[in-house]
Amino acid sequence: MKHLIGSLERNEDIGHYGRMVFVMVARHFMSRDEMIAQLSKDRDCSEADAAALIDQIDIHDYNPPTRQRILEWMDRQGFPICPDAEDPGACNVYRDLTFPDEVYRRISGYYDQKARSHAK
């Protein structure tokens with residue numbers, strides 16, 4: 001997140017997936033207005049685009065992405081979401097941040113449900 005925020009502060013285009021990662025994580029720590037203000041610093045993201053992305057992620061209630069998902073998304077765009085991808089500890093938002101308990105409950109519930117479906 002530090003890398004994404006720094007890049008936004010420099011008015012860089014962090015790419016579609018960089019913006020997705022930013023919102024999926026930041027929505028647990030920032031207000032909607034703060035996220036829009038940050039995202040609109042991206043030269044390829046208007047305030048309307050930022051608001052639409054936030055709405056999309058809120059409607060689906062996406063959990064923050066895993067490190068592996070961030071790396072997969074990074075491969076699909078030019079901007080390095082994870083600049084130190086060779087470091088196995090880098091870009092693991094669950095290691096670096098503490099999310100609200102509800103995020104961890106949803107993740108746990110997903111894996112419980114997945115295990116039950118494989119057991120049948």
Side-chain angles (χ1 to χ4, degrees):
M1 285 300 287
K2 187 177 187 178
H3 169 65
L4 291 176
I5 291 170
S7 298
L8 289 169
E9 290 294 330
R10 291 185 299 276
N11 299 106
E12 294 178 19
D13 177 359
I14 64 172
H16 173 72
Y17 293 106
R19 290 187 291 273
M20 281 182 52
V21 170
F22 176 82
V23 173
M24 292 168 88
V25 173
R27 71 191 194 103
H28 298 287
F29 304 100
M30 300 173 110
S31 72
R32 176 184 176 81
D33 289 342
E34 289 171 319
M35 287 188 291
I36 290 171
Q38 283 295 321
L39 285 173
S40 62
K41 293 176 184 177
D42 180 324
R43 63 180 177 259
D44 197 37
C45 186
S46 68
E47 286 187 12
D49 292 336
L53 180 60
I54 293 166
D55 289 344
Q56 176 188 3
I57 289 169
D58 281 346
I59 287 167
H60 293 286
D61 201 21
Y62 290 128
N63 286 324
T66 62
R67 178 183 189 277
Q68 184 61 37
R69 178 65 56 153
I70 292 170
L71 295 177
E72 288 170 14
W73 287 343
M74 187 172 78
D75 285 342
R76 297 180 188 173
Q77 68 175 35
F79 177 82
I81 300 168
C82 183
D84 195 12
E86 298 303 315
D87 176 0
C91 296
N92 181 346
V93 297
Y94 292 97
R95 186 193 74 180
D96 297 334
L97 300 168
T98 302
F99 292 96
D101 290 340
E102 180 58 28
V103 170
Y104 300 106
R105 278 194 290 276
R106 284 196 313 263
I107 293 168
S108 177
Y110 166 78
Y111 284 110
D112 289 347
Q113 187 177 28
K114 189 172 180 179
R116 283 193 300 274
S117 71
H118 287 300
K120 292 181 181 179

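Because the structure is predicted, anything quoted here is derived from the model rather than measured. By convention here, the first residue in the shown sequence is residue 1.
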**OP:** Decide yes or no for L53 and F22: does some side-chain heavy atom of the first lie under 4.5 Å from some side-chain heavy atom of the second?
**Re:** no
Subject >> P80 versus H3, closest heavy-atom pair with distance >> reply: O-NE2, 2.8 Å
**OP:** Enter the distance from C45:SG to D13:CG here, rounded to the nearest 0.5 Å.
**Re:** 9.0 Å
Subject >> Over all atoms of both residues, closest heavy-atom pair of C91 and I70 >> reply: O-CD1, 3.6 Å
Original post:
Can you name the nearest heavy-atom pair linking G15 to F79, along with the distance?
Top reply: N-CB, 4.4 Å
**OP:** Please name the pair of heavy atoms, one in S40 and one in E47, separated by the smallest distance, quoted to 0.1 Å.
**Re:** CB-CG, 3.7 Å
**OP:** Please state whether the rings of F99 and H28 are parallel, tilted or perpendicular, taking 30° and 60° as the class boundaries.
**Re:** perpendicular
**OP:** Write down the atom of P64, the atom of M24, and the distance for their closest heavy-atom approach.
**Re:** CG-O, 3.6 Å
Subject >> Atom pair CZ (R105) and CG (N63), whose distance is rounded to the nearest 0.5 Å >> reply: 12.0 Å
Original post:
Got a second to check how far D58's CG is from M35's CE, nearest 0.5 Å?
Top reply: 6.0 Å
**OP:** Please step through salt bridge (Lys or Arg N to Asp or Glu O under 4.0 Å) for the pair D61 and R106, ending with a clear verdict.
**Re:** CA-CA 10 Å; D61 201 21; R106 284 196 313 263; 3.3 Å; yes
Subject >> Spacing of M20 atom CE and R69 atom CZ [to the nearest 0.5 Å] >> reply: 8.5 Å
Original post:
Got more than 12 heavy atoms from elsewhere within 6.0 Å of CD, E86?
Top reply: no
Original post:
Could you give the distance from OG1 (T66) to OH (Y94), rounded to the nearest 0.5 Å?
Top reply: 7.5 Å
**OP:** May I ask you to decide if Y62's main-chain N or O and R27's side chain share a donor-acceptor pair within less than 3.5 Å?
**Re:** yes
Original post:
Which word best sums up how the rings of W73 and Y17 line up, parallel for under 30°, tilted for 30 to 60°, or perpendicular for over 60°?
Top reply: parallel
Subject >> Donor-acceptor pair, side chain of R67 and main chain of A90, under 3.5 angstrom >> reply: yes
Original post:
Any sub-3.5 Å donor-acceptor pair from Q77's side-chain atoms to I14's backbone N or O?
Top reply: yes
Subject >> Expected output: side-chain R95 to main-chain G89 donor-acceptor under 3.5 Å >> reply: yes
Original post:
Distance from L8 atom CG to R43 atom CZ, nearest 0.5 Å?
Top reply: 11.0 Å
Subject >> Qualifying residue, where the test is side chain to side chain contact (heavy atoms under 4.5 Å, CB included) with R19 and the options are I81, D42, D49 >> reply: D42
